[in-house]
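Encoded as structure tokens, the structure appears first; notes follow it.
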Protein chains: 2
Amino acid sequence: MGDEHYKKQDHLLVAIDCVIFGFDRSGFKVLLIEHDFKSKKEDWSLIGGFVKKNESLDAAAVKITNKITGLRDIYLEQICTLGDVNRDPLERTISVAYYALIDIDSYDEELVKQYNASWFSINEIPDLILDHNKMVDAALKKLRFKASHQPVGFELLPFKFTLPDLQKLYEGIYNTRLDKRNFRRRILSLDVLVKTNEKEKEHSKKGAYLYKFDQEKYKKKVNKGDSLIFKPMSS
Amino acid sequence: MGDEHYKKQDHLLVAIDCVIFGFDRSGFKVLLIEHDFKSKKEDWSLIGGFVKKNESLDAAAVKITNKITGLRDIYLEQICTLGDVNRDPLERTISVAYYALIDIDSYDEELVKQYNASWFSINEIPDLILDHNKMVDAALKKLRFKASHQPVGFELLPFKFTLPDLQKLYEGIYNTRLDKRNFRRRILSLDVLVKTNEKEKEHSKKGAYLYKFDQEKYKKKVNKGDSLIFKPMSS
DNA sequence: GCAAAAGTGTTAGAACTACACCCATGC
DNA sequence: GCATGGGTGTAGTTCTAACACTTTTGC
């Protein structure tokens, strides 16, 4: 915004690209699509699209994540905007990157297949087109920060989950190993978890208690936001 | 980025708006311009401009801050991008917000006058046009985060400065009071300051020693970046 | 000589890290 | 009965926060 006249200004293509994070027992993942319109092999990219004139950035990001996952009410956060002149060789395009957190067990598998999309462990992200690797790196950095200041998990886990699962989620986010006892003490001291009487017995013989989030308290913590609740933890 | 065809897509106006932070003994400030083209009274805004087709976002932000301050090599960081459909009533415009940190004693006063710009204490930011207040809030939040993880000050202070000044800077950033002894211990333990033998005697009878940053070590800390070095501190 | 700001250490409490064993169950 | 993953407590260390007096010098 400035003192120049609007009419004569350049108008640019504006894109949205989404880093869709998901989590299951085998780890922390990103959803990528095979980007075939140049039909090179192994040409992966983020999910994206262009912003329409009558559509806000946030709305465009919702539309795009919904298109491929089928999910409504997705948690989305803006990461950054990339705008080098030649970042897209076809035409000058600026791109606003977002990340999404979804429960990996609840997306629409049909849609994902249809778009040639696959989940990649964050340790095995392939080379992506354009500057999409930069976006993934920035998304991870931002998510790690977020996770160190606010509880994270509600968006990434099913309604009920075990503490070992939650720990694996944090280990995935920080790409590190955590001490079981310290992790439990810490996460329970946040006072946002409610223990149920049910046990999950698919993944161990003894079975692990299922917990759920106390939504009220959870949201309060998330909105508070500035208090430090987790540091990247020790091994 | 997506699978749609580029030609038919909408093209949008893209603006840059800059939150220019400065610091002097009387506090922590933001530079605003009187936005007179509708000639309402007291119609303040951030400094901004439109992005040209052949100009990167970062370059546009540099150009804009340079235009009003006359400074080169300004520290700039992207904050966020705002893109509601009706955020600018004149035309659909998305705006990428940046913040700049400058030494308030070294800008070009002539230019600032010419643009009808003034410094406002961050406690007294007036109502700004469009969504510019949102940008200022986001800038502060981001700067506070940055200051809690990396040393800040090199960009905002003159080459030599006193510890009481540096403390006032942090107090300004966090809008709080800090304990002198704890502050000194902490900031010195970062091992990025070098004490000189000179004293600054304009502001006290006893005089305070001048310090400078050890640029090597400072940059190393800034690039490292992820280690927590300051929490928002106690009163 | 006194007002005004600079400078300096200690201590109690809180938080963090590291660490090892028993439990419940399916096979 | 044993292998597998779930669950639990403590002690040493480090970090943090609270706090008061002396120094210098311009007036």
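Every chain is numbered from 1, with letters handed out A, B, ... down the list of sequences. What you see is a predicted model; the values in this text were computed from it and never measured.
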Rounded to the nearest angstrom, tell me the gap between atom [atom1] in [X] and atom [atom2] in [N].
X	N	atom1	atom2	result
B:I187	C:dT8	CD1	P	15 Å
A:L163	D:dG5	CG	P	17 Å
B:F161	C:dA6	CZ	C1'	16 Å
B:R186	C:dG9	CZ	C1'	17 Å
A:Q167	D:dG5	CD	P	14 Å
A:F183	C:dA15	CZ	C1'	18 Å
B:L178	C:dG7	CG	C1'	17 Å
B:D165	C:dA5	CG	C1'	12 Å

Inset, instruction - List the protein contact pattern of nucleotides 19-27 of chain C with one symbol per nucleotide (5' to 3'): B for base contact, S for sugar-phosphate-only contact, - for none; contact means a heavy-atom distance under 4.0 Å. - result: BB--BBBS-
Legend entry - Check: B:L210 main-chain N/O paired with B:T196 side-chain donor or acceptor under 3.5 Å: yes
Legend entry - Check: A:L128 main-chain N/O paired with A:N133 side-chain donor or acceptor under 3.5 Å: yes
Legend entry - Listed partners of A:D127 passing side-chain hydrogen bond (donor to acceptor under 3.5 Å, both in side chains), at least two apart: none
Inset, instruction - Sorted by first residue and then second, give each side-chain hydrogen bond (donor to acceptor under 3.5 Å, both in side chains) pair with at least one member in residues 153-164 of chain B; sequence neighbours left out. - result: B:E155-B:Y218, B:K160-B:E198, B:T162-B:D165
Inset, instruction - Could you tell me whether A:F213 and A:F159 have their ring centroids closer than 6.0 angstrom? - result: no
Inset, instruction - May I ask you to evaluate whether B:R184 reaches the phosphate of C:dG9, defined as a side-chain N or O under 4.0 Å from OP1 or OP2? - result: no
Legend entry - Pair A:E200 + A:R25: basic N to acidic O under 4.0 Å: yes
